[in-house]
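Working notes for the structure below.
Order of the sequence lines fixes the chain letters, A, B, ..., with proteins taken first and strands second; residue numbering starts at 1 for each chain.
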Amino acid sequence: MIEKTYEPASVEGRIYQAWLDAEAFAAGAGAEPGAETFSIVIPPPNVTGSLHIGHALNNTIQDILIRFERMRGKDVLWQPGTDHAGIATQMIVERRLMENQQPGRRELGREEFLKRVWEWKAESGGTIMNQLKRLGASADFSRERFTMDEGLSEAVREVFIALYRKGLIYRAKRLVNWHPVLETAISDLEVENIETDGKMWHLRYPVENSEDHIVVATTRPETMLGDVAVAVHPEDERYQHLIGKYVILPLVGRRIPIVGDEYADPELGSGAVKITPAHDFNDFEVGLRHNLRPINIFTTAARINGYAPKDYRGLDRFEARAKVLVDLEAIDAVMWVEDKKIMVPYDEKSKQVVIEPFLTDQWFVNAEVLAQRALAAVREGRTKFVPQNWENTYFSWMENIKPWCISRQLWWGHQIPAWYGPRLSTDPDFGNADKGPKVFVGATEEEAIAEAKSYYGRPVTVFNQGLTSGGYQEAFTQFETVQRARKQPELLAKLKETDPFAELQDSKAPIHRDEDVLDTWFSSALWPFSTLGWPEDTPELRKYYQTDVLVTGFDIIFFWVARMMMMGIEFLDEEPFHTVYVHALVRDEHGAKMSKTKGNVIDPLSLVDGYGADATRFTLAAMAAQGRDLRLAMSRVEGYRNFVTKLWNAARFLEMNECRRVEGYDPRANTLALNRWIVSATHRAVGAVTKGIEDFKFNEAANAAYDFVWGVFCDWYVELAKPVLTGEDEAAKAETRATAAFALDQILKLLHPFMPFVTEELWGETGKIGPAREKLLIVSRWPDLSGLEDADADAEMDWLIQLVSGIRSVRTEMNVPAGAKIALQIIGAGEETGTRVEANLAAIERLARLESVSYGSEVPAGSAQIILGEAVFALPLAGVIDLSVERARLEKDVAKIDDEIAKIDKKLGNEQFVAKAPEEVIEEQRTRRSDAADRRKKLLEALARLT
RNA sequence: GGGUGUGUAGCUCAGCGGGAGAGCAUUGCCUUCACACGGCAAGGGUCACAGGUUCAAUCCCUGUCACACCCA
């Protein structure tokens, strides 16, 4: 027996376990032999994360696609897993250490610290995957991967080395976005520019050997300590005479040139700008154009370093600003100050730390080269965006792609497989500080040592203690000193004088591994193939790559889509997916972005707790219209919870009326129009839902299913079936029972991708009686009712529904008490109407609450009249109804029809319309006009009869 | 400043060249033998504004206004 109420909380866990026990999520589960594949890789969520509503939408969509294709018999893989979220995870663990008053990571050392991170990951890293399970995600969790797994790490090393050898990865000194608290480079995508109330200081710099001065404007006065030039627009007449002259930098005393550069905007401020290449991206470019050597005045913690005057050293950047301003005031160098809205780069996560453009040695991917094929793939349609307009976002980012800084000054991540050593004196770059040390890249230390040995032609020593501790730096310096000395005999002789063994000091070359790790996205970019076993040539890789769809939010196009495309094409010569489905952002009811600080976050798990996973999923699907944000209103969730209940109760009703599935039931053999119709209507619904999912129009699919199940099956089929089920005609009863059970089966299948739990539960319940179920619903076949359309039955039921609705409307408008049974008299019925009335007599009587149905030749006086087709359906209510009310009702109908006729006549009377509109449109208008005219005539007759 | 998108019923949103739709909310009736998380019925819209294209515009084009987001 189906329970009286459906309680998601008590059902969902059990059903989910049943799927797991049946291994229904495993790659290829339930597939037809030799079926084509359908695969999706999850965009890997952060291992530190927990499920938010965006994940819920993202994964609901993936699960709908996966369950749908699995039911269509495809060989399906949904690959789950998480990424290691370098910065976020390291921060969490460091914070935990601090909170527990344990030693920090530097005291612990790399190895011990990493042990702690792995411990934390083991402890709470599974959170988000477990939360996905509560949503009903049918990913193959037996294949769950993590970006730091050995196999995936091997993929990272392989890719790094391959790109390095191709020259697509290089090391360079560049300005990067620097996080001065974490002391690491971060991606430009992790920076959020926030408009802030700031100030613009106008500073006066004296021109050398002159009474003249030049005024520069800046929002960051402290960076003046690192100024190396002043730029003016080359065509700015005010300053042309100064180009080539020098100013003396106040407080510092440095003599710096005035250069002409178009970067200086004559309209802005004074038209002159200070140039600080080490601390501003634009200034860096200006510096390159004018061969200005950047002066970095900050330490990695954004304190003033030794390149600035003594008085400022050790101050942090904000203290330095205050002091610089005081000191400039003192020499009267501050001309004036204005308030100004300025864009300040903040760390995107905390929005607390101001990010610093910082000049350091980092590893970069030459993304511009990799981007070319990734761009072509989309331009040439091998990978499509849905909705298509997201292509523009992809193009604009890819076309303006910058070198991708992939090194991070962290410990948690894939340590860069690069070792450094001093250069040999024979090296063309020997002694060139800008070129940095000699680099050896290898998958293992052995490989790196081998590389180094062949370079040095002598043994090497590997220093692992790090640059700061241990003797590496010392050994490096000694090696270089000897190398330098070898070039100049007198230097060597001098060296030998002080140290007889000096020459031995380059007998062993010191090398040292890069301490830094790679950007997390470097490994995420490989996800579509590294999770399938690459670089091994595995069966899974051959089978499931190329994957089919990447489902993602638009904010992630740059993060994942672009990088996965570049890497997939580079290493597998094929795009990682043929379709990118970009879904909406979930906002709150009023359209605001959800955020913890605003406190308007809707926790998907609390929705699951309150309304059930099915209602939560259905809501997200039903609201996932393309190209629009999704405002989540609780009333909608509640509405779909009601839908789940409705389905449950309908199934319960069928069970109570012994609507069992029948072995060998053939819908083609149905005789009753009611049954032929519901099969036909189910066929239509299957078509609409199928098309919706295929086209990624999940809202259309969900609404089609909703309308059919509630609006057609429950509201009409079940109601119309009631008289049959309680009637005497055993054959009709048997056919209706079997058909109802059959239709419910199709409904369960149709709804399964959206509402997996309640449908699987009902599948089980209805499987307890009648023929045994062969398998779980999750691996059952998607409905195919082709050939079961039935236009005659559709027409008859449409007529019946119109008749019943018509009578109901009149009853209400005439204030006939709901409980009162009334008589119906039919006048002027043709043969077809007569047949239809007879065939559906019981249903008409019941649904319209009639006590009798009879035929007459005249409409009884004082009747309410319903015009349907050629016939008049009269409700003789003399004495009960108010004739003036009935007249008003009919007149209103006439007015409506008149309006319509007038509109059509206007069209048909327009010569241009008749001449230019397509024939079928004109024909349609003519048909509509004649139908309307017929109806109008009947209504007028009915009105005439009233008097 | 550049780009993208959105303005349709009180609210949340579909539709997007030829008959204005749904859910919720509202109003009235109904404790009818699955379901009050229900049933039946009803009211409610110059489809932001102004031009244009077209035989025909809520839908296409241009502009204006408003809002949102992305990139500088």
Side-chain angles (χ1 to χ4, degrees), chain A residues 2 4-6 188-189 192-193 281-282 343 387 389-393 395-397 400 554-555 557-558 584-585 587-593 611-612 615 619 622-657 659 697 699-700 702-703 706-707 710-711 714-715 718-719 722 725-726 804-805 807-821 846-849 896 899-900 903-904 906-918 920-922 924-925 927-929 931-932:
Chain A
I2 298 177
K4 192 157 181 354
T5 52
Y6 174 66
D188 40 357
L189 296 173
E192 186 175 333
N193 291 299
F281 286 98
N282 289 313
M343 297 301 274
N389 47 321
W390 289 112
E391 278 180 0
N392 296 331
T393 305
F395 288 145
S396 71
W397 195 69
N400 300 303
F554 71 85
D555 47 337
I557 290 176
F558 314 128
L585 206 73
R587 301 170 170 282
D588 77 2
E589 220 160 330
H590 310 292
K593 210 169 171 173
Y611 299 99
T619 307
M623 299 189 76
Q626 287 183 8
R628 201 188 235 262
D629 289 339
L630 186 160
R631 297 192 192 187
L632 190 60
M634 285 312 221
S635 59
R636 293 292 291 266
V637 191
E638 208 176 295
Y640 293 118
R641 188 267 322 264
N642 297 351
F643 179 51
V644 171
T645 308
K646 186 75 182 175
L647 173 68
W648 182 262
N649 281 307
R652 214 171 127 246
F653 173 79
L654 296 190
E655 188 190 61
M656 290 164 64
N657 283 276
C659 298
K697 296 187 171 172
N699 59 319
E700 289 182 10
N703 287 327
Y706 181 97
D707 288 346
W710 198 321
C714 292
D715 285 350
V718 170
E719 292 304 323
K722 279 176 179 174
L725 293 172
T726 55
V804 170
S805 302
I807 299 172
R808 283 170 169 173
S809 273
V810 171
R811 288 181 61 118
T812 306
E813 284 179 56
M814 293 302 115
N815 291 316
V816 176
K821 292 201 167 182
R846 181 183 173 113
L847 298 196
R849 300 195 70 79
K896 247 187 188 161
D899 264 7
E900 192 179 342
K903 263 187 184 165
I904 298 170
K906 198 180 152 201
K907 273 189 187 173
L908 288 171
N910 183 339
E911 281 171 39
Q912 299 279 7
F913 174 73
V914 181
K916 292 188 178 169
E920 64 268 24
V921 171
I922 298 170
E924 195 197 329
Q925 297 296 322
T927 313
R928 278 183 55 207
R929 189 188 190 291
D931 288 354

Open item on the list: I'd like to compare against my own output: the B/S/- annotation of nucleotides 56-62 of chain B with a strict under-4.0 Å heavy-atom distance to protein.
Closed with: -------
[N] [atom2] sits how many Å from [X] [atom1], rounded?
X: A:I904; N: B:G19; atom1: CD1; atom2: C1'; value: 8 Å
X: A:N699; N: B:C13; atom1: CG; atom2: C1'; value: 9 Å
X: A:R846; N: B:G39; atom1: CZ; atom2: P; value: 15 Å
X: A:K821; N: B:C30; atom1: NZ; atom2: C1'; value: 15 Å
X: A:R811; N: B:C30; atom1: CZ; atom2: C1'; value: 11 Å
X: A:Y640; N: B:C13; atom1: OH; atom2: P; value: 13 Å
X: A:E900; N: B:A20; atom1: CD; atom2: P; value: 9 Å
X: A:N649; N: B:C37; atom1: CG; atom2: P; value: 11 Å

Rounded [atom1] spacing from [N] to [M] in Å:
N: B:U12; M: B:A68; atom1: P; value: 14 Å
N: B:G17; M: B:G7; atom1: P; value: 15 Å
N: B:A9; M: B:G43; atom1: C1'; value: 11 Å
N: B:G2; M: B:U27; atom1: P; value: 49 Å
N: B:C69; M: B:A22; atom1: P; value: 32 Å
N: B:A14; M: B:U6; atom1: P; value: 9 Å
N: B:C11; M: B:A25; atom1: P; value: 15 Å
N: B:C33; M: B:C40; atom1: P; value: 15 Å

Given [options], identify the nucleotide with an atom nearest to the side chain of [X].
X: A:N193; options: B:G39, B:C33, B:A72; result: B:A72
X: A:E700; options: B:C35, B:G15, B:C37; result: B:G15
X: A:A818; options: B:C29, B:G39, B:A20; result: B:C29

- [ ] Just call it for A:P817: base, sugar-phosphate, or nothing, with non-hydrogen atoms closer than 4.0 Å on any strand.
- [x] nothing
Open item on the list: Students often get this wrong, so: under 4.0 angstrom with heavy atoms, is A:K903 touching a base, only sugar-phosphate, or nothing?
Closed with: sugar-phosphate
Open item on the list: Counting only heavy atoms not in A:K722 (residues, nucleotides, ligands), do more than 12 fall under 6.0 Å from its NZ?
Closed with: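 For A:K722, atom NZ is crowded (more than 12 foreign heavy atoms under 6.0 Å).
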TODO: Evaluate the side-chain proximity of A:F913 to A:I922: yes if any heavy-atom separation is below 4.5 Å, no if none is.
DONE: yes
Task: Non-hydrogen side-chain atoms of A:E813 and A:N815 separated by less than 4.5 Å - done: no
Task: Full working for side-chain contact (heavy atoms from CB on, under 4.5 Å) between A:L189 and A:W397 - done: CA-CA 11 Å; A:L189 296 173; A:W397 195 69; 4.1 Å; yes
TODO: Name all residues meeting the side-chain hydrogen bond (donor to acceptor under 3.5 Å, both in side chains) criterion together with A:R811; count only those two or more places apart in sequence or in a different chain, and write none if there are none.
DONE: none
Using side-chain contact (heavy atoms from CB on, under 4.5 Å) as the criterion, list what pairs up with [X], not counting sequence neighbours.
X: A:D707; result: none
X: A:K821; result: A:R849, A:E851
X: A:E900; result: A:I904, A:R928
X: A:T5; result: A:E7

Task: Set of salt bridge (charged side-chain N to carboxylate O under 4.0 Å, His left out) partners for A:R652, sequence neighbours left out - done: none
What pairs of nitrogen or oxygen atoms, one from the protein and one from nucleotides 40-47 of chain B, lie under 3.5 Å apart?
from: B:A41; atom 1: O3'; to: A:S809; atom 2: OG; distance (Å): 3.1
from: B:A42; atom 1: OP1; to: A:S809; atom 2: OG; distance (Å): 3.1
from: B:G43; atom 1: OP1; to: A:K892; atom 2: NZ; distance (Å): 3.3

Closest non-hydrogen atom pair between [X] and [Y], with its separation:
X: A:T619; Y: A:V637; answer: OG1-CA, 3.3 Å
X: A:A702; Y: A:A622; answer: CB-CA, 3.9 Å
X: A:I807; Y: A:A848; answer: CG2-CB, 3.8 Å

Below 3.5 Å is the cut-off: list the nitrogen or oxygen pairs between protein and nucleotides 24-26 of chain B, distance only.
none

Open item on the list: Using 0.5 Å steps for rounding, measure from the CD atom of A:E638 to the CG atom of A:N642.
Closed with: 6.0 Å
Task: Distance (rounded to the nearest 0.5 Å) between A:K903 NZ and A:Q925 CD - done: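 If I round to the nearest 0.5 Å, the distance is 10.5 Å.
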TODO: Return the 5'-most residue of the pair A:K4, A:L189 with respect to RNA chain B, ranking by each residue's nearest nucleotide.
DONE: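 The residue closer to the strand's 5' end, by nearest nucleotide, is A:K4.
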- [ ] Select from A:K916 and A:D188 the residue whose nearest nucleotide in RNA chain B is closer to the 5' end of that strand.
- [x] A:K916
TODO: Look at the aromatic rings of A:Y706 and A:F643 and report parallel, tilted or perpendicular, splitting at 30° and 60°.
DONE: tilted
Task: Phosphate OP1/OP2 of B:G19: any A:R928 side-chain N/O under 4.0 Å - done: yes
Open item on the list: Can you list, in residue-number order, the parts of residues 650-657 of chain A that come under 4.0 Å of RNA chain B, counting heavy atoms only?
Closed with: A:A650, A:R652, A:F653, A:M656
Task: Residues that A:F653 engages under ring pair (Phe, Tyr, Trp, His ring centres under 6.0 Å), provided they are two or more places apart - done: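 Per chain and number, A:F653 pairs via ring pair (Phe, Tyr, Trp, His ring centres under 6.0 Å) with no residue.
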Task: Quiz item: A:K722 side-chain donor-acceptor pair to B:A34 base, under 3.5 Å - done: yes
Task: Heavy-atom donor-acceptor pair, A:N657 side chain to A:C659 backbone, under 3.5 Å - done: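 No, the answer is negative, given that no donor and acceptor are paired below the 3.5 Å cut-off.
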Task: Structure string for RNA chain B in dot-bracket form, Watson-Crick and G-U at under 3.5 Å, | interchain - done: ((((((((.[[[[.)..(..]]]].(((((.......))))).....[[[[[..)....]]]]]))))))).
